[in-house]
Q: 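Next up is a structure, given as structure tokens.
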Amino acid sequence: MGFRDLTTILVIEDEEDIRKIVHIALENVGGFKVELCASAHEAIELLNGYTPDLIILDVMMPVMDGPSLLTEIRKTDHLNDIPVIFMTAKVQSHEIEAYTNMGVLGVITKPFDPVSLPQQIRDFWLSMETI
């Protein structure tokens with residue numbers, strides 16, 4: 001995969017208020033095109049015909065959590081290389097290390113600053129250039 005510009009982001013988050021804040025921050029402040037899903041099931045359906053540049057994935061969701069969904073996403077050829085950023089309130093160093101070991105691009109902790117969120121995501125994205 002060659003390095004490309006970041007334009008489309010899929011946000012998978014079960015909490016409606018957080019989805020709204022992330023959507024506003026990324027579209028209005030960041031200028032990204034954002035798709036939203038409220039569950040792993042909804043995301044799996046959308047990803048059958050959609051390939052975003054980046055996925056932001058909530059760690060703790062009902063039915064299927066973020067790490068389990070990431071495992072499912074990685075089983076699909078056209079989705080295998082999509083960078084993923086986890087979003088979580090669990091910020092213990094061993095938890096962040098476990099998430100990083102899963103191959104995610106980064107971890108955003110909740111609560112987050114909506115104004116700086118787009119730049120934080122760009123910084124993670126740009127870090128791929130050196131990988």
Q: Do Asn80 side-chain atoms and Thr76 backbone N/O form a donor-acceptor pair below 3.5 Å?
A: no
Q: Can you check whether Glu15's main-chain N or O pairs, donor with acceptor, with Glu13's side chain at less than 3.5 Å?
A: yes
Q: Within the 4.5 Å heavy-atom criterion, are Leu54 and Trp125 side-chain neighbours or not?
A: yes
Q: Decide, yes or no, whether a salt bridge links Arg19 with Asp14 under the criterion of side-chain N to carboxylate O below 4.0 Å.
A: no
Q: What heavy-atom pair brings Ala25 and Pro114 nearest, and what distance separates the two atoms?
A: CB-O, 3.2 Å
Q: Under 3.5 Å, side chain of Glu42 to main-chain N/O of Ala38, donor-acceptor pair present?
A: yes
Q: Which distance, rounded to the nearest 0.5 Å, do you find between the CZ of Arg122 and the CG of Asp5?
A: 10.5 Å
Q: Could you give the distance from CD1 (Ile12) to CG (Leu36), rounded to the nearest 0.5 Å?
A: 10.0 Å
Q: Using the side-chain contact (heavy atoms from CB on, under 4.5 Å) rule, pick out the option among Val84, Ile44, Ile55 that qualifies with Leu69.
A: Ile44
Q: Is any side-chain heavy atom of Thr88 less than 4.5 Å from a side-chain heavy atom of Tyr99?
A: yes
Q: Would you say the side chain of Arg74 lies within less than 4.5 Å of the side chain of Leu79, judging by non-hydrogen atoms?
A: no
Q: Where the side chain of Asp65 meets the backbone of Met60, is there a donor-acceptor pair that is under 3.5 Å apart?
A: no
Q: Check for a donor-acceptor pair, side chain of Thr71 on one end and backbone N or O of Pro67 on the other, with a separation under 3.5 Å.
A: yes
Q: Stepwise, does the side chain to side chain contact (heavy atoms under 4.5 Å, CB included) test hold for Ile73 with Ile82?
A: CA-CA 9 Å; Ile73 289 170; Ile82 296 176; 5.7 Å; no
Q: Does the Asp58 side chain pair with the main chain of Met61, one donor and one acceptor, at a distance under 3.5 Å?
A: no
Q: So, the side chain of Glu35 versus the backbone of Ile9: is there a donor-acceptor pair under 3.5 Å, distance only?
A: no
Q: Nearest 0.5 Å, please: how far is CZ in Phe86 from CD1 in Ile96?
A: 12.0 Å
Q: Hey, are the side chains of Ile121 and Leu26 touching, using non-hydrogen atoms and a 4.5 Å cut-off?
A: yes
Q: With the 4.5 Å side-chain cut-off for hydrophobic clustering, are Met102 and Leu57 part of the same group?
A: yes
